[in-house]
Structure formats: structure tokens, C-alpha cells
Amino acid sequence: MTDRRAFLHRAAGSVASLALLPELARLGPRRLVEPKAIGLVGVGRQGRAIITELQKIEGARIVAVADTNPARLASALDRAPGSEGFADHRAMLDRRRDLEAIVVATPTHLHRAIVEDALSAGRHCFCEAPLAHTVEDARAIVVAAEMSNRIFMAGYQARSNPVYQLARTFFKTASFRDFVSGRTHYHRKTSWRFPPPDGMSAAESNWRLDPELSLGLIGEITSHQLDVFHWFRETMPTEALGFGSIQLRTDGREVADSVQAIFRWADGTAVQSEATLANSYGGQREALHGTNASFDLAWSHGWMFKELDAPTMGWEVYALRQQFHHDEGIIVIADATKLAELGQLKEGIGLPYSPLYYALADFLRSVTFPNVPVPCTARDGLASTVVGILGNQAIRSGTTVTIDPALWTD
Amino acid sequence: MATRFELVAHGTEPALLLAAAEAALEVVDELAVRLSRFDPSGLLAHLRRVAPRKVAVDAATLSLFEDALAIAAWTDGRFDVTGGVGGLLVHSEEGAISLESAATELDLGAIAKGHALDLAVAELRAAGVAGAFVHGGTSSGIALGSAVDGRPWRVALEGKLPAPVFELADLAYSVSATHRVREGAAERHLRGRDGEPVAATRTVAIVGPSGRVADAWATAVAAGAPRRLPAGPGWRGWIRDDDATWQPMPESPT
């Protein structure tokens, strides 16, 4: 027998499922229908994280790793048992004919040549974001990707994140309504220096602190957060202004450890961005404010805060909520309908895998099924990379910089 | 691991030391997620989700699970990361691990801290740091090289004199204690804050070349495993029952 509450619960679930349908079954472990041989180029910190995530995707076989530094390469071979090591990515492409896909995780300024080589060698390619440290290189990557008949995906991970995908479905409805403003926040107390492995200079290891190679905090970090706005809104900012300073890391560096910037859209709205290496409060998150609701998105978690005069949706009665001082947030849970049916809604809070895992899994899905589009195309990646590059220019020059859409549309 | 990790290091380049220390503590942070019983994005949760399928792991993680099974055998099951529920399978040749079923409850609480210390110190060493001391919650730690005065790092056990003072250089230590509690009609031993403590019954301190073996071994002996040291060179240990004085532990028969 179905009691009234259970009936309402199911009814509410069915209403919610209309909105959540695209997210169903996206949370759990991914399994490739056929094994894929993957090569990884660049096995520093991010490369190591990529190995860890690929190992959780059944059928993803890391068969080769390449790095110019022998110590890093040896460490990567320990992390990816059974893989073959190469000091040069070109040798890897030549000798491992079984490779189907390449993941590029080198420093940003080295991406272009590797992506071009991989695509021209007929391999599918996932490239970490930002795509490049110059507009010219980023555009060259897009040309290479679009001239090839291979899959190319840019590594702006939010587009593969189930929490963000669900938030975006609400963003597109009356639940959020019209965009008012936004904010990106990145606080992490760290030197942003990395000890060089044997055989590498400190300067080479710390390319993020080289003003000629680094896009600074705005380009390297915030561009991932700004991409959320580009993806949600499907429009791009038209100008950037900002400033940076060294608040804590007085160790001779020139790249600012604290930056603030404003990205303005043609409709008069703006996103304020703040990033610092001098304080850790709040971590990494994006806030999107609409006329009916706001989102607070924190990569593995997300909350929706409704305005008092916003229309009520039936499923909200059963949503999980969390109090933040005077505001009450509805917890954004992907697969909520399915979890509610199983009585496991609370277990759905947060992601069971990292955003990187979902991005890599999406890439391999498109490699397997080429008619399934990647969530972040080369041109999507170019647009957000360009915004990061120009945002960094605005901060370094102290001037307002115009963001010309021709840089990614032409 | 729900534990505060701290480290001190000495050297001539402060910027390099800071970077190395951050890298070492980042390794600890990564492992706290990866080896957590509770974090849904960790390795243990993934193993349960895909059980009984095999999951490829890095060499360090494979060694951790190999050691866990070996220590379970050496300690007559007093140390068992499965808690006796379900099975853990280590496929060394394939570099993979698996669980018999999703019901297997892995708890690495008594070995993960030592493992994290081992890897944190490896990170420091790779960064060129010659002298450092890292601890997790003070009960486990590793000395890398010597202290700034060129002498070994010194760690004193609390308790009635004469309490042992470890002199450590490139050595790990771990201290574990059990407390007696009543649970229904049966009495069982629980470790530290895992249960409501009534009275300390046994405290064990182990010093040796591996943080994770020291961590697991101290727990196992405190929980009733035979009073002997891990096999191999470089191991020392002390044991104290109730409020008695510390007694050295004998070596394992070879």
C-alpha cells in the first residue's frame, strides 16, 4: 500500500527527475566498453593526479608516460605499473602505435607542440587548461584540433562535474531567472613553489612564478572558475580590469600572490574575481546571483539559495537544506531522484569522484563514441584561456583591457 | 586521518624548505582522502563500489596493502585492516587490489598514518631536505637525518621514570595504547579514542626503519599480539602494562 507521504515523495521525485534526467547515472564509477591505451605527457603534480583518476576508470590503460625529467619519469612508472617510460613525447608517439589517446599535463607554455604532435600522429587528445600561455599558441591548438578528425577536449573540468551540470539546469530555468552578478573566490595559503626534482632547475620547476611564462593566479586558476560563467551564460565578458600585489610571499617573486579583477559583460553585469596565496578562508568557490536564486558552488558541493518571492517547486519540500548564518541553502545533489527513492539522499551530498575523474571519463567516452560531443571543445577552451590571458594582462598593466571575441571566434 | 601533522626542517634555503614542507603535507592531505574509510571520493569507497573487480594502484599503495596482509599474518590476526569482515586481495603481479565484496569494511586507521609519514618524508628527501622531523598527532613520527645541531632527534615517552628517550636519525617511531572497556557481557580491547576508556592496560612503543610497519606493529602488540619486534634489522620496542615501568621488547626469532 502506498501512503500519502510516500506517494508525495515519489511524485516529487518524478517532478525533480524531469530536471535531473541528464544527470542520472553520471555519478558512479565509469567503465569503458572496450579498453583504451592511453599515454600521459607530463607527470608532475597534475600528471600524478591524472594517473590516480585514470586508474579508477575500468578499461583505461595507462601504457606509456613521458617526461623530460628522469626522476619524475621514474616516479610515474611506479605510479602506473606496467607502463613504458619515454624522455620525449615524440618517441612515445612513434614507438607506441597502440596508443589511442594522449593526455597532456605539462606546464602550460609547453602544451602547443605536444598537442600538435599528438593530433598529427592521429591520437585523440585531452589537454589540461588553460590551453596555452599566449593567444597565438592557444589559437594554434584550436586550429590543430579542428583540422584533425580526432577527439580533442580542453580540461576545464567544471563542465564535466555533475554538481555543476545540475546547477546549470536550474540556472537555465525560472528557478534562477536573470543573472545579476557573480563572484569567484580562490584562497589557498601556499607558496606556489614546488621543489625541483633531481635534474631540474628551480626556475624550470617554478614556471608559475616566471612572468614571461605564467598567466598568474587569474590565468592559471581563476580561468577555470570563469569558465563556469562562460558555460552557464553562453556569453563572454567584453572587458577586464584588475590589480595585483604581493601580500605575503616576499621572496623575490614578481608574480602577484593576491589579485582582484572585474570582468564586465556587454549587458552591464559583471563577475568579481579574487585569488590569493596569503589566506585560506573559503577555499575555491563560485557564486552566481540571479533574480530568483543564488548558487554557491564549491567543486564537490553546491547550494542554491532561493529568494523569498521566487516560485516554489514541489520537490523542494523534500530537499536537504543547510543553514548559513541567516540564509538557508538547498543542497544541490546530482542523481537526487534516484537517491531519494533509495532513501540515500544524504549519501549523495558531495561527489563520489573528483571533477578531474569525470572530465577524463567524459573524454574517454567521446573517444569510444565519437558522436558523443566532449563537454569542453577546443574553442570553448580557447575562449576561457583568452579571458584568463587578458585578465592577467589587465592586472599586470593596471589598465582596462578589451576582450575581443574575434580572438576565439575567427 | 583526523590527526594534525606537523613538521620542522632545517637547511640553508628558506624558500626551498617551505616548498618542500608544503609538498610533504600535500602528500598527507591526498592520502587522508585516498585512504579514508569515510570519504566518498577515496580509494576505499571506490574499491567497495566496483567490488569484486580489480583496481590498479601505484607501487606505494600496493606496498601498503602487501604490508597490511603480511603484518596480519605475523601478528596472528591481531592487526587486520578488514576487521575480519570480508576479504582483501592483493594482486602483486598485476599491481592491483580488490575486495571480495562490497560488504568488506577496510579500515586503515592503524597503518595509514605511518604510511603517510613515510611518503611525506620521501617527498622531503626528494626535494633535497637533509634534516627534518615530521609527526602525526605526536604518537607517530619520523626523523629525517639529524637535528640542526648535528645530533639525532630526541623523542621522550611520557610516564614514570625511567621512560625511554628515542634518539632518532632516519628512523620512525609509533606509540599505541589500549584501554579496557565493558561491552555487554564480553570484554574487548579498544584503542585510544575508538572506545570509551576505562583504564589503560598496555602501551607499546616501536622504533624502526618504516613508519607504517611501526604504526601497525605498535597497534597489534597493544591489542594482544605476541610481544616481539618486527623481523629485520633496526627495530627496537618498549612495552608498559598498566602503571608499570617500560620494558624492552625481545627481537623476533629469525
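Note on naming: letters A, B, ... go to the chains in the order of the sequence lines (proteins, then strands), and numbering restarts at 1 for each one.
- Listed in order of number, the residues of residues 42-55 of chain B that approach chain A to under 4.5 Å between heavy atoms are B:His46, B:Arg49, B:Val50, B:Arg53, B:Val55.
- Rounded to the nearest 0.5 angstrom, B:Asp58 CG and A:Ser75 OG are separated by 9.0 Å.
- Of all heavy-atom pairs spanning B:Ala20 and A:Pro195, the tightest one is CA-CG, 3.9 Å.
- Classification of A:Arg188 and B:Glu26 as a salt-bridged pair holds, one side-chain N sitting under 4.0 Å from a carboxylate O.
- Put simply, of B:Pro40, B:Ser41, B:Ala96, the one with the most heavy-atom pairs under 4.5 Å next to chain A is B:Ser41.
- No more than 12 heavy atoms of other residues, nucleotides or ligands sit less than 6.0 Å from atom CG of A:Asp198.
- Heavy atoms of B:Val57 lying under 4.5 Å from chain A belong exclusively to its backbone.
- Atom-to-atom distance recorded for B:Leu16:CG and A:Asn206:CG is 9.5 Å, nearest 0.5 angstrom.
- Other residues, nucleotides and ligands contribute only 12 or fewer heavy atoms inside 6.0 Å of the CD atom of A:Glu254.
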In sequence, state the C-alpha distance, the side-chain angles, and the governing distance for B:Arg34 and A:Thr52, and then conclude on side chain to side chain contact (heavy atoms under 4.5 Å, CB included).
-> CA-CA 10 Å; B:Arg34 186 164 166 75; A:Thr52 299; 3.3 Å; yes
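- When all heavy atoms of A:Ser191 and B:Ala19 are compared, the closest pair comes out as OG-CA, 4.2 Å.
- For A:Arg45, the CZ atom is densely surrounded, since the number of other residues' heavy atoms within 6.0 Å is greater than 12.
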For A:Gln55 and B:Thr61, what are the C-alpha separation, side-chain angles and deciding distance, and is it a side chain to side chain contact (heavy atoms under 4.5 Å, CB included)?
-> CA-CA 12 Å; A:Gln55 285 172 334; B:Thr61 303; over 6 Å; no
